[in-house]
S.K.: 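This is the structure I have questions about; it appears just below.
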Amino acid sequence: MPTIPGSRFHHDALKFSISPKNSPHIYKPLHTFSIFHTLQSPPLPLSFGGTMPSKRKASTPKASTAAATNKKSKGHAVEKQDPVVEPASSTVECDFVEDEVEVEETECESSNEESSSAQKVRRATQANDDQECEFSGDSISHAEAMQKWPHRYINHKDRVKANGKPMTLNDQDDADQLIQAKCHFAQAVVDGQIYNLGDDAYVQASNDEDDYICKIVEFFQAVDGMQYFTAQWFYRAKDTVIKAHDQFINNKRVFFSEIKDDNPLGCLVKKIKIVPIPSNVRLPLKESLRSNSDYYYDMMYLLPYSSFVSLPQGTAIFADVSSPISESDSTISSDSDTVDVKEQKLEKNLLDLYSGCGAMSTGLCLGADIGGVKLVTKWAVDLNQYACDSLKWNHPETAVRNESADDFLLLLREWRQLCASCSLLRNNTPTHPFLKVRDEDEEDNNDNGDEDEGSGDDEQGEIFEVEELLEICYGDPKEINKPGLYFKVRWKGYGQEEDTWEPIEGLDGCQEKIKDFVAKGFKASILPLPGEVEVICGGPPCQGVSGFNRFRNSKNPLGDSKNKQLETFMDIVEFLNPRFVLMENVVDLVKFADGFLGRYALGRLVGMNYQTRMGMMVAGAYGLPQFRRRVFMWGALPSEKLPQYPLPTHNVVVRGGMPKEFELNVVAYDEALKVELKRELFLKDAISDLPPVENDEPKDEMPYIDEPKSAFQHFIRSRRDGTLGSVLYDHRPLRLNEDDYERVCQIPKRKGANFRDLPGVRVRANNTVELDPDVERVKVASGKPLVPDYAITFVRGTSTKPFGRLWWDEIVPTVVTRAEPHNQVILHPEQDRVLTIRENARLQGLPDYYKLTGPIKERYMQVGNAVAVPVARALGYSLALAMEGLSGEKPLLSLPPNFPCLEELGSNEESID
C-alpha cells in the first residue's frame with residue numbers, strides 16, 4: 001500500500017497530454033499518440049487539475065495540424081503535444097550549428113505505419129505549405145539562442161548535462177518529444193499578419209470549439225526545415241477545474257499558465273490583445289483596461305492543488321512586454337466596503353462559522369501562535385446550543401452566537417446599515433431605514449413635544465420604559481418564521497428575568513438607545529464588518545453529498561436544501577471580504593456528482609478575486625491514531641501570500657480507495673523523496689493511561705490514576721501554561737442498554753473480535769455470515785436474540801463492524817458522531833463498553849483541558865463533527881507564515897522539526913530531515 005507521507009502515487013509510467021480547451025481535465029497516456037498524433041480515444045477525466053509529480057508530463061491543447069491546413073473549415077481532430085513548463089522568456093535569437101544536431105530516422109516495422117518523426121515532418125509540412133506563413137527578418141544570434149533555449153540545440157545523447165545541470169524539457173528526457181532547432185526568429189508572418197515574440201494570439205481549434213488562446217514565446221525552424229512557434233497557454237474559466245461554474249467569472253477574464261508546447265506556425269489564427277492586471281490597481285483603471293482589450297488576466301492557473309494564484313508582484317511576466325500599469329496608478333484599493341481605521345491591535349481576529357465546539361479555530365490559533373502570530377477567535381457561529389456552550393466555556397474571549405448562518409448573514413447586513421446610520425462608517429453604505437424614517441419624523445414633529453423615550457402602554461395602561469438594549473439578533477429567538485431585527489431589552493425597574501426580545505419596529509421613540517447600543521457595539525466589535533475580518537474558517541454542512549444519504553441529488557446538488565449552507569458560507573465570505581479563508585469538508589465534496597460542489601466553491605472564491613488552493617489531508621499523518629481524510633480549501637486576497645499545505649509529520653499507511661481523479665490533490669511527500677518521518681501512532685499511544693470506567697460511569701470529572709505512558713499522552717494532558725492537568729473531563733461512555741451490554745460482554749477481548757464470534761453465527765466460504773441452522777438461537781435475558789438480525793444482514797452479510805472491538809495496535813478509521821456499536825467498531829479493547837467521550841476526543845487531538853457540555857450524545861456529536869486539532873494546528877502555522885508574508889511559492893511546506901512542540905518529546909519521536 002502507498003503511504004501518505006513517504007510516498008506519493010508515482011506517475012513515471014503515466015505521461016499525459018492536456019489541451020487548453022479540455023485541460024486540465026484530460027489525462028492521456030503518451031504511448032497512444034506521438035507529438036502530432038491525432039487524438040482518437042475519448043479523454044480521461046483529470047482531478048481538479050491535479051498536481052504533477054516529478055517526471056510527470058502536463059499537457060495542453062495542441063493545435064491541430066489538420067486545422068492549420070484549412071482554418072476556414074471545422075470538424076478536424078485536435079492534435080496534442082506535451083507542454084514545456086519553464087519560465088516565460090523574452091525576445092530570443094539563435095543561429096544554427098549543423099554539427100551539433102543529429103537527426104535520426106527509424107523505419108516502421110509495418111509498411112502501413114510511419115515513424116512518429118515522419119509523422120511530424122509530414123503534418124508540419126502540410127500545415128506550413130498550405131498556409132501563407134514564414135519567418136520574417138534575420139535569424140537571431142546563436143549565442144543568445146543557446147542561452148535562452150539550450151535544449152533546442154543539445155543533441156538528445158548529450159542532453160544529460162549542460163553546464164553541470166540536467167538539461168531536460170519539462171523534466172522529461174524524451175528525444176521523440178523534443179523538436180531540435182535549426183535557428184530561431186523574433187517575428188513571423190501568417191496570412192499577411194505580423195506576429196512578434198510576446199504577442200497574444202488565437203490558435204486554431206477543432207470542430208465548433210472556441211479557438212485556443214496563447215502567448216507566443218518562441219519562433220524556431222526545426223532541423224527538418226519545418227516552422228514552429230511555442231505557445232504558453234491561457235485558460236478560460238470553463239476549461240479549468242471550475243468547469244461549469246464559470247458564471248462567476250467575467251467572460252473576458254482568462255488565466256495564464258506555465259504550460260507550453262510547440263505548434264506548426266500555420267496554426268496561428270489572429271493576433272489579439274490580452275492585458276495583465278495586477279491586484280494593486282484602482283477599480284476605474286481596471287475597468288479601462290478590461291474594456292480596451294480582448295481579454296485580461298490577473299491570476300495564474302497552476303495544476304498542482306487546483307491553484308489560482310496572483311501574478312508575480314513587481315516583476316514583468318515577459319521581459320519584452322511592457323506593463324500598461326504605471327506606478328502612479330498602482331494604488332491599492334478594495335471593491336468592498338471599508339470602515340474607519342480603529343486602533344491598531346496586535347491580535348489578528350478570526351470568525352469561525354459552523355464552529356461546533358471550536359476545534360478547528362482552536363487548532364488554527366495554536367498553530368498560528370507557534371508561527372509567531374496571535375490569532376484569536378473573535379466570533380463564532382453555530383446552530384447547536386450545546387456546541388456553543390462548549391465553545392464559550394473553553395473560549396470566554398469569543399463572542400459566540402447560537403443562530404443559523406443564514407440569520408447571521410442577514411444580521412451582518414443590518415448591522416452595517418445601523419453603523420452607517422450612526423456615522424461610524426466613512427463610505428457610502430446606506431443607512432438603516434428605521435433610524436432614517438424615525439429621525440425625519442422627529443424633525444417634523446418637534447413642535448408637538450416629546451413623549452417619554454421608550455414608553456408604551458400595556459393592556460392595563462402601565463408604562464414600560466427601556467433602560468438599556470443588551471443584545472441584537474435577526475429573527476425572534478422565541479418564535480420561528482418571524483424575521484427582522486430584534487433587540488434584547490432591559491426594562492427600567494425590572495430585573496434580568498423580565499428581559500424580552502423586541503422587534504426594532506416596536507421600539508418607537510428609542511432611537512437614542514439604539515444609537516448608544518450601536519456605538520458601544522461598534523467600539524467593542526461585537527459583530528464583524530466588511531474588511532474587518534482577518535480570517536474566516538468553517539466547515540459548512542453538506543449532508544446532501546453524504547454516502548449515507550440515499551436521496552442525493554446528483555443532477556443539481558445545490559438544489560438540495562441540505563447543501564445550501566455552502567452557498568451561505570460563500571455569501572458571508574463575499575460580504576465580509578476577509579484576508580484569508582479556510583474551508584473544510586468531507587471528501588464527498590469532490591467525489592459526488594463529478595465534484596460539483598467542490599468546483600462551485602472554487603468558482604465562487606475565484607469569482608470574488610481570491611487566490612485559491614485545494615488539497616486533501618489525512619489526520620493520522622499529523623500525529624493521531626485516526627485516519628480521517630478531509631478536504632481543505634485555502635483562499636487569500638490577491639495582495640496576500642496564499643497559504644501552503646503543511647506536509648505530513650507521521651508515517652501513516654493510506655486506507656480506503658481514493659478516486660484517481662483526486663489522487664494528485666493529496667498532501668503528501670513525493671514517492672521519490674526519502675523522508676524520515678515519525679512513526680505512526682496507535683490507539684494504545686492515545687488512551688492507555690486513562691482510568692478504567694464502567695458502562696454506566698456517572699461522573700463528568702475524575703482524577704488521573706497513571707502517569708503519561710507516551711509522548712502523545714504527555715502532550716495531550718498539558719494545560720495551556722505547559723503544566724500537566726490534574727482533572728480529567730468527559731471520560732464517560734454512552735450507557736448501553738441491557739441487551740447491548742450483554743452482547744458486548746460476550747465479545748472476546750482480542751484483536752478483530754466482533755459479533756461473528758458470538759454463538760449461533762456461521763461464516764460461509766465467501767466470508768459472508770448466516771445463522772447456524774444446526775444451533776439453537778441464543779437469547780439474551782430479555783428474550784431477544786443474542787445476535788440481532790441487523791448484524792447478520794448489514795452490508796449483505798459481509799461486514800465485520802457490528803459490535804467490533806478495537807485493539808491497541810490499530811489506527812481508528814474515523815471518529816463518528818454516534819457511539820452505538822451496531823454498525824461500527826467502537827468497543828474498548830479490554831473493557832465492556834464503547835469508547836468514552838474523552839477517548840474519542842483524544843483521537844481527534846482535543847487537549848484534555850478542553851471540556852464539553854450537554855447530554856452525552858450531544859458531546860459525542862461535537863467530537864465527531866470536529867476538525868482534528870493537529871491538522872488545524874499545522875494549517876494554523878502555515879497561515880501564520882502567510883500572514884507574515886513568509887510563505888513560499890510552492891503549494892507545500894515542511895513543518896519545523898518536532899512540530900508542534902519544537903523540542904524533543906520522547907524517544908519514539910523522530911524529527912523530519
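When reading the values below, keep in mind they use all heavy atoms of this one structure, side chains included, and skip hydrogens, waters and symmetry mates. Each residue takes its place number in the sequence, starting with 1.
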S.K.: Got a donor-acceptor contact below 3.5 angstrom from the Asn563 side chain to the Pro557 backbone?
M.R.: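 Judged by distance alone, yes, a pair lies under 3.5 Å.
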S.K.: Return yes when atom CD of Glu889 has more than 12 non-hydrogen atoms of other residues, nucleotides or ligands closer than 6.0 Å, and no otherwise.
M.R.: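 Counting neighbours around CD of Glu889, 12 or fewer heavy atoms of other residues, nucleotides or ligands fall under 6.0 Å, so no.
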S.K.: What class does the angle between the rings of Tyr212 and Trp233 fall in, given that below 30° is parallel, 30 to 60° is tilted and above 60° is perpendicular?
M.R.: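 Plane angle over 60°, so perpendicular.
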S.K.: Kindly determine whether Tyr354 and Met360 satisfy side chain to side chain contact (heavy atoms under 4.5 Å, CB included), including the steps that lead there.
M.R.: CA-CA 10 Å; Tyr354 313 97; Met360 185 176 185; over 6 Å; no
S.K.: Might you point out which heavy atoms bring Gln611 and Val309 nearest each other, and give the distance in Å?
M.R.: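 Of all heavy-atom pairs spanning Gln611 and Val309, the closest is OE1-CA, 3.6 Å.
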S.K.: Using ring centroids (six-membered ring only for Trp), state whether Tyr295 and Phe234 fall under 6.0 Å.
M.R.: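 No, the ring of Phe234 stays outside the 6.0 Å limit from the ring of Tyr295, centre to centre.
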S.K.: Ignoring hydrogens, what is the shortest heavy-atom contact between Ala601 and Leu566? Give both atom names and the distance.
M.R.: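 Scanning both residues, the minimum pair turns out to be CB-CD1, 4.4 Å.
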S.K.: Is Asn402 reaching over with its side chain to a backbone N or O of Asp382, donor-acceptor style, under 3.5 angstrom?
M.R.: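 Here the side-chain-to-backbone pair exists.
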S.K.: Would you say Lys270 has more than 12 foreign heavy atoms packed within less than 6.0 Å of its NZ?
M.R.: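 Atom NZ in Lys270 is not packed in, count stays at 12 or less.
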S.K.: Could you work out, with salt bridge (Lys or Arg N to Asp or Glu O under 4.0 Å) as the rule, every residue matching Lys273, not counting sequence neighbours?
M.R.: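 Residues passing salt bridge (Lys or Arg N to Asp or Glu O under 4.0 Å) with Lys273: none at all.
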S.K.: Mind listing the closest non-hydrogen atom pair of Arg629 and Val587 along with its distance?
M.R.: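 Taking every non-hydrogen atom into account, O-CG2, 3.5 Å.
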S.K.: Can you name the nearest heavy-atom pair linking Tyr297 to Lys215, along with the distance?
M.R.: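 What the structure gives for the nearest pair is OH-CE, 4.3 Å.
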S.K.: Checking side chain to side chain contact (heavy atoms under 4.5 Å, CB included) against Phe569, which of Asn585, Leu409, Ile536 comes through?
M.R.: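 Result for side chain to side chain contact (heavy atoms under 4.5 Å, CB included) with Phe569: Ile536.
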S.K.: Test your reading of the model: is there a side-chain donor-acceptor pair from Asn609 to the backbone of Pro638, 3.5 Å cut-off?
M.R.: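 Absent.
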S.K.: Under the rule for ring pair (Phe, Tyr, Trp, His ring centres under 6.0 Å), what residues qualify as partners of Phe308, not counting sequence neighbours?
M.R.: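 Checked Phe308 against ring pair (Phe, Tyr, Trp, His ring centres under 6.0 Å); matches are Phe255, Tyr301.
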S.K.: Do Val573 and Met608 come within less than 4.5 Å of each other through their side chains, counting heavy atoms only?
M.R.: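 With C-beta onward as the side chain, the pair touches.
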S.K.: So which atom in Phe229 and which in Cys214 form the shortest heavy-atom distance, rounded to 0.1 Å?
M.R.: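 Taking Phe229 first and Cys214 second, the nearest heavy atoms are CE1-SG, 4.1 Å.
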S.K.: For residues Ser306 and Leu602, report the shortest heavy-atom separation together with the two atoms involved.
M.R.: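 Scanning both residues completely, I find the closest heavy atoms to be CB-CD1, 4.3 Å.
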S.K.: Is the shortest distance from a Lys or Arg side-chain nitrogen in Glu574 or Arg604 to a carboxylate oxygen in the other one below 4.0 Å?
M.R.: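 So Glu574 pairs with Arg604 through a salt bridge.
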S.K.: Any salt bridge between Arg401 and Asp407, counting N to O under 4.0 Å?
M.R.: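 Salt bridge absent between Arg401 and Asp407.
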S.K.: For Tyr600, which residues count as a ring pair (Phe, Tyr, Trp, His ring centres under 6.0 Å) partner, sequence neighbours excluded?
M.R.: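 Expected list: His245, Phe248.
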S.K.: Using a 3.5 Å distance criterion without hydrogens, assess whether the side chain of Ser421 forms a donor-acceptor pair with backbone atoms of His432.
M.R.: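 Checked: pair present.
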S.K.: Whether Arg290 engages the ring of Tyr296 as a cation-pi pair (distance to the six-membered ring centre under 6.0 angstrom, angle to the ring normal within 45°) should be assessed.
M.R.: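 Cation-pi check for Arg290 and Tyr296: passes.
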S.K.: I'd like to know if Asp298 pairs up with Lys286 as an ion pair, taking the criterion as any Lys NZ or Arg NE/NH1/NH2 lying under 4.0 Å from an Asp or Glu carboxylate oxygen.
M.R.: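 No, Asp298 and Lys286 are not salt-bridged.
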